[in-house]
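Here's the structure we're looking at; comments come further down.
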Amino acid sequence: MSGISELVPTTIQLTYLVAASLFFFGLKQLGSPATARNGNLLASIGMLIAIVATLLNQEVLNYQMILIAIAIGSAIGAIGAQKVEMTAMPQMVGLFNGLGGAASALVAVGEFWRYFGAFERPPLDTTITVVLGVLIGGVTFTGSLIAFAKLQGIMSGSPIVFPLQQPFNALLLGGFLAASVYLCVNPLNTPVFLAMVGISLVLGVMFVIPIGGGDMPVVISLLNSFSGLAASAAGFVVMNNMLIIAGALVGASGIILTVIMCKAMNRSLTNVLFAGFGTGESSSAAASSGGQVDKNVHSIDPEESAMMLGYARSIAIVPGYGMAVAQAQHAVRELADQLDRLGVEVKYAIHPVAGRMPGHMNVLLAEANVPYEQLYDMEDINPQLEQVDVALVIGANDVVNPAARDNAGSPIYGMPILEVDKAGHTIVIKRSLNTGFAGIDNELFYKDKTMMLFGSAKDMVAKIVSEVKQL
């Protein structure tokens with residue numbers, strides 16, 4: 001009997017090793033759109049194995065409550081995944097991050113309460129991990145809720161700033177650190193601990209409100225990293241190796257993605273978090289400095305657009321947030337199919353920060369079953385744009401603005417863009433000439449080779465498809 005009891009923990013740890021290996025293979029395959037689905041499946045199988053192994057642990061006592069929780073969570077997840085629109089996927093990811101942070105924070109609170117209820121002084125390392133779990137989990141939870149509210153339109157997507165905001169944040173963080181030191185000396189002080197929980201929640205709100213809605217791709221990837229770090233801290237709290245590994249992987253991948261997003265905008269992380277970018281205050285100055293542009297706009301109708309696209313040799317489709325809002329991805333796929341039948345080479349040019357979350361355009365196009373081989377990253381497609389006959393921009397703005405390349409006075413100067421102005425001709429589908437999140441005029445709209453097709457992306461693309469069918 002003792003041999004069996006000794007064998008079970010070893011079996012569990014070996015199972016964790018198998019699950020961790022599946023995580024690594026899955027994460028590797030998530031790096032390419034062509035293998036992402038298979039990678040997601042491998043990682044899901046790994047997580048299932050890890051959960052089953054954990055439930056075999058003799059220290060898990062109340063299986064009934066756990067199974068009820070799994071059933072409820074699975075039902076909510078399945079219904080949510082079926083009901084949520086693809087345009088709302090950034091909000092859903094934000095909620096996932098927040099709930100992960102909340103779960104980790106609750107684990108830390110539960111561990112503190114376990115020692116408090118037994119009037120037992122916790123070890124110093126346990127106190128430190130509990131403090132980290134509360135801080136990271138609390139910030140992730142409320143920060144993700146604010147990101148969700150900004151993306152959902154519940155609150156303004158503009159940065160919210162006020163005088164002495166950063167000193168106030170520093171004061172909050174200093175208070176949390178001081179309380180942490182006090183808790184390490186007097187670990188069973190409940191009022192201090194509850195105050196720390198409250199401060200962590202306020203810090204999450206203060207962390208995200210000064211960030212503009214256009215910077216949400218960076219914020220979401222950073223909060224994703226935070227949720228992983230919170231999970232890893234929870235793993236140290238409950239001494240679970242699998243949770244530590246999984247959290248570390250999520251944390252590391254989130255940070256890497258955050259860095260990639262910042263590089264794609266040629267901005268530092270501190271600038272994204274603290275600059276209050278996207279207020280539009282400098283738009284007029286930016287538009288008028290360092291390079292005047294002719295304000296004449298060349299309009300075009302769907303019939304003319306169809307003629308240009310149908311008789312081109314190659315076109316590059318540039319999807320943007322306007323395509324997501326209009327849910328035009330299926331119409332875009334139909335247009336590409338019609339052009340392909342006419343012998344036109346179709347490529348999709350994807351900017352890393354197009355949309356409201358990392359990979360937003362890739363997700364939308366994958367939903368429309370766009371072939372992976374037609375998707376090109378910015379670095380790959382830019383050298384080819386000079387040979388493209390027509391660039392079709394659908395709802396994109398700042399990521400195709402030549403001011404980022406040519407206008408040293410522009411707030412987005414130096415940001416890598418899709419250089420669609422170098423194509424033979426450019427057609428831009430947009431509702432109006434309104435600015436993007438950066439709050440500056442787009443010089444592309446006034447170029448001699450640019451034609452503006454005003455209207456909803458879905459309606460305009462559908463009309464172009466109808467005209468192309470008649471060619």
Side-chain angles (χ1 to χ4, degrees), residues 94-117 121-150 154-155 159-211 218-220 222-238 247 251 254-255 258 269-270 272-274 276:
L95 279 182
F96 284 161
N97 292 338
L99 292 175
S104 301
L106 288 174
V107 168
V109 171
E111 187 71 2
F112 173 84
W113 223 255
R114 185 170 70 86
Y115 280 100
F116 179 80
R121 183 186 181 91
L124 179 60
D125 57 345
T126 299
T127 302
I128 293 174
T129 53
V130 165
V131 167
L132 289 175
V134 166
L135 175 62
I136 304 173
V139 169
T140 304
F141 174 57
T142 52
S144 297
L145 291 183
I146 296 298
F148 169 83
K150 282 177 174 279
I154 298 174
M155 62 184 296
I160 300 174
V161 295
F162 55 85
L164 302 178
Q165 187 171 22
Q166 299 309 327
F168 177 72
N169 292 343
L171 184 63
L172 285 176
L173 184 58
F176 187 93
L177 295 176
S180 301
V181 173
Y182 180 83
L183 199 69
C184 289
V185 179
N186 300 284
L188 297 181
N189 192 307
T190 304
V192 171
F193 181 75
L194 293 178
M196 293 171 63
V197 173
I199 291 174
S200 71
L201 297 176
V202 175
L203 277 171
V205 174
M206 300 303 299
F207 172 67
V208 178
I209 60 171
I211 303 173
V218 177
V219 175
I220 286 177
L222 185 60
L223 289 171
N224 182 48
S225 177
F226 283 0
S227 69
L229 295 176
S232 193
F236 281 106
V237 169
V238 299
I255 283 293
T258 301
L269 182 58
T270 54
V272 171
L273 298 180
F274 304 119

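Please read these numbers as outputs of a predicted model, since none were measured by experiment.
Here the shortest heavy-atom pairing between Cys184 and Arg121 reads O-NH2, 3.7 Å. Residues Ile211 and Lys150 share a closest heavy-atom pair of O-NZ, 3.2 Å. The two residues Ser225 and Gly251 come nearest to each other via the heavy atoms OG-O, 2.7 Å. Shortest non-hydrogen contact noted between Gly247 and Ala231 is CA-CB, 4.1 Å. Nearest heavy atoms, Met206 versus Phe162: CE-CZ, 3.2 Å. Of all the heavy atoms in Asn189 and Pro191, the pair that sits closest is OD1-CD, 3.2 Å.
Considering CZ of Phe236 and CD1 of Ile128, their distance stands at 12.0 Å, rounded to 0.5 Å. Here the straight-line distance linking atom CG of Leu171 with atom CZ of Phe176 works out to 14.0 Å at 0.5 Å rounding. In this structure, CG in Asn224 is found 4.5 Å from CG in Asn97, a value given to the nearest 0.5 Å. Annotation: the span from Leu222 atom CG to Ser227 atom OG amounts to 10.0 Å, rounded to 0.5 Å. Note that CG of Leu229 and CD1 of Ile255 are 7.0 Å apart. Values are rounded to the nearest 0.5 Å. Here Leu145 contributes atom CG and Leu99 contributes atom CG; the two are 8.0 Å apart, rounded to the nearest 0.5 Å.
With hydrogens and angles disregarded, no donor-acceptor distance shorter than 3.5 Å links the side chain of Ser200 to the backbone of Leu135. Looking only at distances, a side-chain donor or acceptor of Thr258 sits under 3.5 Å from a matching main-chain atom of Gly254.
The residue from Val107, Thr190, Val237, Thr127 that alone fulfils the side chain to side chain contact (heavy atoms under 4.5 Å, CB included) condition with Phe112 is Thr190.
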Could you go step by step and tell me if Ile160 and Met155 meet the side chain to side chain contact (heavy atoms under 4.5 Å, CB included) rule? CA-CA 10 Å; Ile160 300 174; Met155 62 184 296; 3.5 Å; yes

Before you tell me yes or no, could you show the steps for Tyr115 and Val130 under side chain to side chain contact (heavy atoms under 4.5 Å, CB included), namely the whole-Å CA-CA distance, both residues' side-chain angles and the distance that decides it to 0.1 Å? CA-CA 11 Å; Tyr115 280 100; Val130 165; over 6 Å; no

Just do the side chain to side chain contact (heavy atoms under 4.5 Å, CB included) check on Phe193 and Val134 with the steps written out, would you? CA-CA 9 Å; Phe193 181 75; Val134 166; 3.9 Å; yes

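For the pair Val219 and Ser144, the minimum side-chain heavy-atom distance is 4.5 Å or more. Within the 4.5 Å cutoff, side-chain heavy atoms of Ile209 are placed close to those of Gln165. Looking at Thr142 and Val202, their side chains never come closer than 4.5 Å, going by heavy atoms from C-beta outward.
Heavy-atom contacts from other residues, nucleotides or ligands closer than 6.0 Å to CZ of Phe96 number 12 or fewer.
Between Phe226 and Phe207, the ring planes lie tilted relative to each other; the angle falls in the 30° to 60° range.
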